[in-house]
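Just so we're on the same page: letters track the sequence lines, and every chain starts at 1.
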There are 2 protein chains.
Amino acid sequence: MSTKPRSTYHHGDLRQSLIDGAIALISTAGVSDLSLRQVARHIGVSHNAPYRHFEDKEALLAAVAEEGFKALTLTMETARQDTPPGTKAALTAIGSAYVRFALAHPAHYRVMFSEFRSNFHDYPSLAAAGQKAFMVLVSTIAAGQTAGIFKAADPWELARVAWSLVHGQALLILDHRIPVASEAKLEEFLQFSCQLLISGMASV
Amino acid sequence: MSTKPRSTYHHGDLRQSLIDGAIALISTAGVSDLSLRQVARHIGVSHNAPYRHFEDKEALLAAVAEEGFKALTLTMETARQDTPPGTKAALTAIGSAYVRFALAHPAHYRVMFSEFRSNFHDYPSLAAAGQKAFMVLVSTIAAGQTAGIFKAADPWELARVAWSLVHGQALLILDHRIPVASEAKLEEFLQFSCQLLISGMASV
DNA sequence: CCCTATATGTTGTCAGCGTCAACATATAGG
DNA sequence: CCTATATGTTGACGCTGACAACATATAGGG
């Protein structure tokens with residue numbers, strides 16, 4: 001049921017299938033247990049087929065991560081659109097959306113921040129996708145500064161602080177190191193921490 | 001030079017040697033590339049000797065993580081001792097010490113927060129060591145509340161926010177996702193973010 | 001329409017890995 | 001001293017990532 005039958009010798013869209021298969025397997029077994037051969041088997045293709053589309057295992061993970069960053073960017077942008085620009089609510093919305101993305105897509109998120117043996121800068125399109133996601137944060141903060149809501153400081157530096165907070169939250173919750181008893185408790189925690197940070201960032 | 005010669009059949013302190021060897025190898029090759037056999041070879045012992053001291057590879061990593069949490073606890077407690085209790089300076093000191101510990105001991109830190117297939121709660125002494133480290137944060141914050149410096153709120157919840165921030169910072173810097181040009185820039189960033197958080201936590 | 005270049009998938013192979021089982025040696029306690 | 005047990009070794013198995021050689025399909029020019 002996991003693989004649609006393939007009558008032709010060629011697969012059609014093996015590259016994307018590999019990415020999807022990797023996500024599916026990581027979701028059930030964790031990223032460190034993922035094997036390329038497993039993914040190939042899952043899709044119904046020989047153990048070496050993946051090498052026609054990815055240089056090695058890490059390159060597949062880089063593609064997964066890139067997809068994740070693009071989805072994260074979209075998620076944050078959408079969340080921001082529902083709030084008036086240049087407000088505290090806008091920053092709260094994307095901060096909350098960030099953590100919720102990680103919790104909703106743990107496999108993607110873990111790969112996005114897994115340790116790439118070669119620096120992740122060796123995958124230019126991945127680095128670009130990551131940068132684009134980060135820019136959503138920076139621009140939101142900069143807009144708040146223009147509106148006079150946040151203190152005057154390097155918006156990049158402020159964004160790094162905010163990113164640290166939500167990234168730490170996301171990982172600690174995913175690792176069950178910060179307990180989350182219920183959806184209501186989660187919402188409460190996210191609001192609490194965003195307000196804490198934002199009041200620290202406030203002007204005056 | 002990495003292994004002292006062993007004339008006797010028995011090693012003497014293989015357990016600790018394995019932990020040390022694991023750290024040494026992770027430091028040069030990353031945690032995902034670590035192999036038990038590599039550690040055994042490094043120490044000069046057969047590929048199955050480790051199994052007399054650890055149930056499996058993950059158990060060795062759990063021991064490494066536990067050692068790391070104990071060292072982290074010590075580091076934070078020491079940092080706190082140099083500051084007057086119940087002050088913002090105390091919290092800044094342990095926050096800064098936390099991130100600096102991660103940067104100084106990346107191998108330990110990565111293992112401490114690596115994804116344990118079995119929940120890390122399956123290693124009771126590891127969970128206890130982690131809890132103890134966290135309690136340094138909680139107690140510092142509670143002391144500040146008693147002194148009237150931090151706002152009245154669940155100190156555990158405040159500690160979770162603070163932990164998220166420093167944990168996120170530590171990982172993002174380790175992964176070269178937050179650039180650190182120099183020691184001076186690092187110090188500046190740590191002070192900046194701690195003050196941001198603390199002013200958000202301030203009473204009134 | 002064919003024919004060849006190239007893209008894509010397969011089979012075979014290798015060393016390294018984690019782990020189990022069987023065996024060997026050293027140490028400790030009666 | 002002698003035996004039980006703790007500790008280390010050797011051998012094996014299936015799995016893995018990766019390379020090389022091969023097979024098939026598709027596309028584009030004659």
Enquirer: So which nucleotide from D:dG17, C:dT19, C:dT10 ends up closest to the side chain of A:R37?
Expert: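 Nucleotide nearest to A:R37's side chain: D:dG17.
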
Enquirer: Is there, by distance only and without an angle test, a donor paired with an acceptor across the side chain of A:R15 and the base of C:dT8 below 3.5 Å?
Expert: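 Answer is no: no donor-acceptor pair is held.
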
Enquirer: Taking only residues two or more places apart in sequence or in another chain, which ones pass side-chain hydrogen bond (donor to acceptor under 3.5 Å, both in side chains) with A:Q145?
Expert: none

Enquirer: Under a 4.0 Å threshold between the charged nitrogen and the carboxylate oxygen, would B:K132 count as salt-bridged to B:E66?
Expert: no

Enquirer: Do the side-chain N or O atoms of B:R41 get closer than 4.0 angstrom to the phosphate oxygens (OP1, OP2) of C:dC17?
Expert: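 So the side-chain polar atoms of B:R41 do come within 4.0 Å of the phosphate oxygens OP1 or OP2 of C:dC17, strictly under.
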
Enquirer: Determine, stepwise, if the pair A:R15 / A:F54 fulfils side-chain contact (heavy atoms from CB on, under 4.5 Å).
Expert: CA-CA 8 Å; A:R15 196 190 131 91; A:F54 298 100; 3.4 Å; yes

Enquirer: Mind checking A:H47 for me? I need base, sugar-phosphate or nothing, with any heavy atom below 4.0 Å counting as a touch.
Expert: base

Enquirer: Please determine whether a side-chain nitrogen or oxygen atom of B:S35 lies at a distance below 4.0 Å from atom OP1 or OP2 of C:dG16.
Expert: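 False: B:S35 side-chain N/O out of range (4.0 Å or more) of C:dG16 OP1/OP2.
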
Enquirer: Both atom distances under 3.5 Å, Watson-Crick or G-U wobble: I'd like the secondary structure of DNA chain C as a dot-bracket string, with | for pairs made across strands.
Expert: ||||||||||||||||||||||||||||||

Enquirer: Have A:E58 and A:Y123 got a donor and an acceptor in their side chains that come within less than 3.5 Å?
Expert: yes

Enquirer: I want to check one thing: is the phosphate of C:dG18, taken as OP1 and OP2, less than 4.0 Å away from some side-chain N or O of B:Y51?
Expert: no

Enquirer: Rounding to an integer number of Å, can you tell me how far B:H53 NE2 sits from D:dT9 C1'?
Expert: 13 Å

Enquirer: Compare side-chain N and O positions of B:R52 against OP1 and OP2 of D:dT5 and report whether any pair is under 4.0 Å apart.
Expert: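 So the side chain of B:R52 is outside the cut-off, no N or O lying under 4.0 Å from OP1 or OP2 of D:dT5.
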
Enquirer: Over how many whole Å does the gap from A:Q38 atom CD to D:dG14 atom C1' extend?
Expert: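 Going from A:Q38 (CD) to D:dG14 (C1'), I get 14 Å.
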
Enquirer: Are the side chains of B:R160 and A:F192 in contact, using a 4.5 Å heavy-atom criterion?
Expert: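 A:F192 vs B:R160: side chains apart.
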
Enquirer: Please report the distance, rounded to the nearest Å, between CZ in A:F54 and P in C:dT8.
Expert: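 Those two atoms, CZ and P, are 12 Å apart.
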
Enquirer: What is the distance, rounded to the nearest whole Å, between atom CG of A:D13 and atom P of C:dT8?
Expert: 11 Å

Enquirer: Just the rounded figure in Å: distance from C1' of C:dT8 to CG of A:L14.
Expert: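 It is 9 Å, rounded to the nearest whole Å.
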
Enquirer: Which part of the nucleic acid does B:L60 contact within heavy-atom distance under 4.0 Å: base, sugar-phosphate only, or nothing?
Expert: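 It contacts nothing in the nucleic acid.
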
Enquirer: Could you tell me whether the side chain of B:N48 has a donor or acceptor atom within less than 3.5 Å of a complementary atom in the base of D:dG11?
Expert: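 Indeed there is one.
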
Enquirer: Tell me, do B:D33 and B:Q38 make a side-chain contact under 4.5 Å, heavy atoms counted?
Expert: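 Side-chain contact under 4.5 Å: no.
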
Enquirer: Can we say A:K70 and A:E67 salt-bridge, meaning some charged N sits less than 4.0 Å from an Asp/Glu carboxylate O?
Expert: no

